[in-house]
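Take a look at the structure below.
Start at 1 with the first residue, then count along the sequence.
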Amino acid sequence: MSSQKRIQVPDGLRDVLLEFSIAYLLEQPGDVVDFAVEFFTKMQENRKQTQFSAKVEEPLSPDDSVLSQEEEPMVNRFASRRKSVFAETYDPENDADDDDGARAIFPKTDDQRSRLCDSVKHILLFRSLDKEQMNEVLDAMFEKKVKAKEFIIKQGDDGDNFYVIESGIFKAFVGDDMKHIHTYQGSGSFGELALLYNMPRAATIQADSDGQLWAMDRQTFRRIILKSAFKKRKMYEQFLNTVPMLSTLQNYERMNLADALIPRSFSKGERIIKQGDVADGMYFIEDGTVSIRIEQDAGEVEISRLNKGSYFGELALVTHRPRAASAYAEDNVKVAFLDVEAFERLLGQCMDIMKRNIDDYETQLVKIFGSKNNIKDIR
């Protein structure tokens, strides 16, 4: 969207999205769509209950939201600052922070880098990064040792850093009475909410023991993490529109699928999946050619070649059996990987299509090998 023609987001929509974002980031449910349905259903029910109540003013209140009692003080505390905060909402397409200037680099020993890699590998925010971006993130994070009872962030303060826990116990509190809402046991991350939405800290985080954190400054977080996620979604939405099997999905379902995909690259000749292995997910080909081969008594036999827009690896997920074939990169290949959990959650509507493909596989194999009896371990 050009700067000459911008759509003003209504305050009411901003308020609702803020409430939803807080609830989602605190609870971190497995399925964002199911959580959203439950969230907005409860919001509607609560508003109906207060429909006949006299309203003296219109600020956010527990009657107008579905936030838990633990979350209410957090919202009320920064509700008065909401409009000025949202006036600065991050725009990935017009990011003033994304320049070619100097970038923070904090030298690390091999041991430090290894420990940091272990700490961040399960952080959802980092899953969309490619190798170059990930190295930039690792360069930009700095070590922070903390003592028991030390405050890491305080509710209401401006957001400066995002934190990843390497070790230690940390507790989250909200409200002036410091109501405890969550405990981090030696892993996890916090501090992204204020950076995602350019708003004050929504909770207080205090170390419950001595610990070790890795921190990333606000500018780096916005430039790398947010912009990468934005570009990834746009890229994968366009790509997924070219996959015929996914034509039955609604737009929001394709958006969820785009967010769940993980980019992977393979060099020419590299094996992507191995026949007989337990399936961990399926693959969509973004670029390059993939050779599908079956192990027979005389050695591996190629049964098909797949190109951009094709997918593979779904057979084992549908049948709940080991991999029926191996896949190799015929040249440099880029794929989008969907893990088994996301597959089951997001592609239910496509299951019938994939089951029909099983019969297509067998028909193709019979043509190659002459009889089902000659096909070794396909099912």
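The two residues A327 and I292 have their closest heavy-atom pair at CB-CD1, 3.8 Å. Shortest non-hydrogen contact noted between I205 and A172 is CD1-CB, 3.5 Å. The shortest heavy-atom contact between A260 and A342 is CB-CB, 4.1 Å. Heavy atoms only, all atoms of each residue included: V335 and I285 are closest at CG1-CA, 4.3 Å. Annotation for R321 and A316: closest pair O-CB, 3.1 Å, computed over non-hydrogen atoms. Nearest approach of L315 to A324, heavy atoms of both residues: CD2-CB, 3.6 Å.
R293 and E330 are joined by a salt bridge, as a carboxylate oxygen and a charged side-chain nitrogen come within less than 4.0 angstrom of each other. By the 4.0 Å N-to-carboxylate-O rule, R345 lies too far from D339 to be salt-bridged with it. Residues E300 and R271 are not paired through a salt bridge, judged by the lack of any N-O separation under 4.0 Å between the basic side chain and the carboxylate.
The closest donor-acceptor contact from the side chain of K108 to the backbone of D139 lies under 3.5 Å. In terms of modelled atom types and a separation under 3.5 Å, the side chain of D210 and the main chain of A148 share a donor-acceptor contact. Under the 3.5 Å distance criterion, the side-chain polar atoms of T109 are matched with a main-chain donor or acceptor of Q112. The closest donor-acceptor contact from the side chain of S326 to the backbone of Q275 lies under 3.5 Å.
Atom-to-atom distance recorded for F173:CZ and K154:NZ is 13.0 Å, nearest 0.5 angstrom. Going from atom CE of M134 over to atom CD of E136 covers 11.5 Å, rounded to the nearest 0.5 Å. Distance OG/S209 to CD1/I169: 4.5 Å, rounded to 0.5 Å. Atom CG of L306 is separated from atom OG1 of T289 by 9.0 Å, given to the nearest 0.5 angstrom. Between the CG atom in N241 and the CG atom in L246 there is a gap of 9.0 Å [rounded to 0.5 Å]. One finds the CD atom of Q155 at 11.5 Å from the CZ atom of R201 (value rounded to the nearest 0.5 Å).
Classification of the F190-Y184 ring pair by plane angle, with boundaries at 30° and 60°, yields tilted. Relative ring orientation between F239 and F284 is described as perpendicular, the plane-to-plane angle rising above 60° on a 0-90° scale split at 30° and 60°.
Looking only at side-chain heavy atoms (C-beta outward), N332 and S267 come within less than 4.5 Å of each other. Under the 4.5 Å side-chain criterion, counting only non-hydrogen atoms from C-beta, W214 is in contact with R115. Looking at heavy atoms from C-beta onward, I272 lies in side-chain contact with V290 at the 4.5 angstrom threshold. The side-chain heavy atoms of L338 and L261, taken from C-beta on, include a pair separated by under 4.5 Å. In this structure, F162 and T220 have side chains that are not in contact, with every pair of non-hydrogen atoms separated by 4.5 Å or more. At least one side-chain heavy atom of V340 sits under 4.5 Å from a side-chain heavy atom of L317. Counting heavy atoms from C-beta on, the side chains of E143 and Q212 come closer than 4.5 Å. L138 places a side-chain heavy atom less than 4.5 Å from the side chain of V120.
Hydrophobic cluster membership differs between M282 and Y328, with clusters built from Ile, Leu, Val, Met, Phe, Trp and Tyr side chains linked at under 4.5 angstrom. Under a hydrophobic-cluster definition in which Ile, Leu, Val, Met, Phe, Trp and Tyr are linked whenever side-chain heavy atoms come within less than 4.5 Å, directly or via other members, F337 and F266 are assigned to the same cluster. Residues V318 and L257 share a single hydrophobic cluster, defined by chaining ILVMFWY side chains whose heavy atoms lie under 4.5 Å apart.
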Practice prompt. Show your reasoning for whether side-chain contact (heavy atoms from CB on, under 4.5 Å) applies to F312 and I273.
Written response: CA-CA 10 Å; F312 60 93; I273 60 175; 4.1 Å; yes
Worksheet entry | Worked verdict on K171 versus T183 for side-chain contact (heavy atoms from CB on, under 4.5 Å) | CA-CA 4 Å; K171 290 186 175 181; T183 298; 3.7 Å; yes
Fill in: side-chain contact (heavy atoms from CB on, under 4.5 Å) between D331 and V333, intermediate numbers included
CA-CA 6 Å; D331 45 25; V333 171; 3.5 Å; yes
Item to complete: Apply the test side-chain contact (heavy atoms from CB on, under 4.5 Å) to residues V301 and E295: give CA-CA distance (whole Å), side-chain angles for both, the deciding distance (0.1 Å), then the verdict.
Response: CA-CA 6 Å; V301 178; E295 180 70 37; over 6 Å; no
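The number of heavy atoms from other shown groups lying within 6.0 Å of CG (D110) does not exceed 12. Atom NZ of K334 is surrounded by 12 or fewer heavy atoms from other residues, nucleotides or ligands within 6.0 Å.
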